[in-house]
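Just so it is clear: chains get the letters A, B, ... in the order the sequence lines come, proteins before strands, and each one is counted from 1.
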Protein chains: 2
Amino acid sequence: MTAVDVEDELTLVFSALADPTRRAILARLARGDATAGELAEPFAISQQAVSKHLKVLEGARLISRTRTAQARPCALDPVRLDTAAGWIARHRQVWADRHDRLEEHLAALRAEQQGDAGNDEEAATP
Amino acid sequence: MTAVDVEDELTLVFSALADPTRRAILARLARGDATAGELAEPFAISQQAVSKHLKVLEGARLISRTRTAQARPCALDPVRLDTAAGWIARHRQVWADRHDRLEEHLAALRAEQQGDAGNDEEAATP
DNA sequence: AGCTTTCACAACCTATCGGTTGTACAAGCC
DNA sequence: GGCTTGTACAACCGATAGGTTGTGAAAGCT
């Protein structure tokens with residue numbers, strides 16, 4: 001029940017991060033805890049809308065809220081960010097790797113002076 | 001026109017990464033170039049749907065396509081991933097930082113034995 | 001030239017998103 | 001007890017996302 005739905009986690013996290021308002025909320029929260037009302041002010045959207053955004057962020061486990069009377073201070077939870085960062089880092093590595101191998105391959109092709117070879121592995125080489 | 005709409009870039013990239021199908025497409029492309037048709041097979045969706053996904057990925061500049069006859073090999077573009085990775089890394093740093101400072105702050109509060117201080121910077125401390 | 005293959009565009013449908021307004025509920029203040 | 005504050009839930013709305021089917025265009029095959 002842990003490693004199976006990492007995909008779902010990724011979807012939740014990336015979806016949450018896909019919204020500029022939500023990123024702004026996270027950025028603001030990073031500079032200090034705030035209540036939903038405080039968060040609503042600078043964003044020119046209603047308090048209810050912020051509440052929804054917080055719900056999304058909470059669903060993605062990017063934040064956690066503690067009930068303190070009627071105030072709902074939001075705490076940032078960096079753990080899920082690691083999930084996203086991990087995916088990106090992994091793929092960045094693969095891509096960089098592939099890019100290197102691609103250049104090698106193209107160099108080899110150029111050296112051999114043939115022009116057709118296979119069916120893939122070609123990129124922007126006009 | 002470069003540093004201003006980084007927000008837009010982030011939105012595009014995170015939105016693109018928010019879809020499991022698109023992540024699967026990227027993962028598959030990372031293991032080797034493929035055409036839209038080849039990508040369509042394992043995903044149980046139509047070729048047209050994959051074409052749309054590729055368009056989104058291209059719009060986010062996560063991939064670039066080259067026209068080779070009727071085949072459209074997709075090349076991965078790691079640059080935009082850096083944008084996303086940068087944002088995450090930055091915020092992970094801030095969050096970790098905040099977490100440290102928070103603990104420091106709480107320790108300081110505990111040491112001083114006062115109970116009010118400011119208006120923010122409080123978290124789960126029942 | 002004609003057929004096939006590979007892809008993308010267009011139109012359409014449904015579900016979800018991001019937003020609003022209205023309301024309710026729980027907790028402090030008078 | 002009653003008012004105000006802070007937040008969330010519900011209903012609604014327009015726009016968009018993700019999917020489908022249908023069609024057409026461009027390049028290769030025979």
Mind calculating the distance between [atom1] ([X]) and [atom2] ([N]) to the nearest angstrom?
X       : N      : atom1 : atom2 : value
B:Ile45 : C:dA8  : CD1   : P     : 13 Å
B:Leu39 : C:dC7  : CG    : C1'   : 12 Å
A:Asp33 : D:dG6  : CG    : P     : 17 Å
A:Phe43 : C:dG19 : CZ    : P     : 11 Å
B:Leu17 : D:dA17 : CG    : C1'   : 16 Å
B:Arg23 : D:dG18 : CZ    : C1'   : 15 Å
B:Gln47 : D:dT20 : CD    : P     : 11 Å
B:Asp19 : D:dT16 : CG    : P     : 18 Å

Exercise for the section: Remember a base hit wins even if backbone is also touched, and classify A:Lys55 as base, sugar-phosphate or nothing at under 4.0 Å, heavy atoms. Expected result: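 Sugar-phosphate, no base atom in range.
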Exercise for the section: For B:Thr35, answer base if it contacts any base atom (sugar-phosphate contacts may also be present), sugar-phosphate if it contacts only those atoms, and nothing otherwise; contact means non-hydrogen atoms under 4.0 Å. Expected result: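 Touches sugar-phosphate only.
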Problem - Nearest non-hydrogen partners of B:Glu38 and B:Arg28, listed with the distance - result: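 Taking every non-hydrogen atom into account, O-NH2, 3.8 Å.
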Practice task
May I ask you to verify if any side-chain N or O of A:Ser46 is less than 4.0 angstrom from the OP1 or OP2 atom of C:dG19?
Solution key: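 No, because none of the side-chain N or O atoms of A:Ser46 sits under 4.0 Å from OP1 or OP2 of C:dG19.
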Exercise for the section: Tell me whether the OP1 or OP2 atom of C:dC7 has a side-chain N or O from B:Arg65 closer than 4.0 Å. Expected result: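 Checking B:Arg65 against C:dC7: no side-chain N or O falls below 4.0 Å of OP1 or OP2.
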Please tell me which of the listed nucleotides, [options], lies nearest to the side chain of [X]?
X       : options               : result
B:Ala36 : D:dG19, C:dA8, C:dG19 : C:dA8
B:His53 : D:dT7, D:dG19, C:dG18 : D:dG19
A:Thr21 : D:dT20, D:dA8, C:dG19 : C:dG19

Exercise for the section: Report, as yes or no, whether the 6.0 Å neighbourhood of atom CZ on B:Arg65 holds more than 12 heavy atoms from other residues, nucleotides or ligands. Expected result: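 Yes - once you tally the heavy atoms of other residues, nucleotides and ligands closer than 6.0 Å, there are more than 12.
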Exercise for the section: Identify, with sequence neighbours excluded, every residue that meets side chain to side chain contact (heavy atoms under 4.5 Å, CB included) alongside A:Ala36. Expected result: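 Testing A:Ala36 for side chain to side chain contact (heavy atoms under 4.5 Å, CB included), a comparison that skips the adjacent residues, returns A:Leu54.
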Problem - Partner residues of B:Leu26 under the side chain to side chain contact (heavy atoms under 4.5 Å, CB included) criterion, sequence neighbours left out - result: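 Checked B:Leu26 against side chain to side chain contact (heavy atoms under 4.5 Å, CB included); matches are A:Trp87, A:Trp95, B:Leu17, B:Leu57, B:Leu62, B:Ile63, B:Leu76.
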Exercise for the section: For B:Lys52 and for B:Gly37, find the nucleotide of DNA chain C with the closest heavy atom, then tell me which residue's nucleotide is more 5'. Expected result: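 With B:Lys52 and B:Gly37 compared, the 5'-side residue is B:Gly37.
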Exercise for the section: Taking the side chain as every heavy atom from C-beta outward, state whether A:Asp19 and A:Ile25 have any pair of such atoms under 4.5 Å apart. Expected result: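 Contact flag for A:Asp19/A:Ile25 side chains = no.
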Exercise for the section: Examine the base of D:dG18 for any acceptor or donor lying under 3.5 Å from a partner atom in the side chain of B:Gln48, and report the outcome as yes or no. Expected result: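 Answer is no: no donor-acceptor pair is held.
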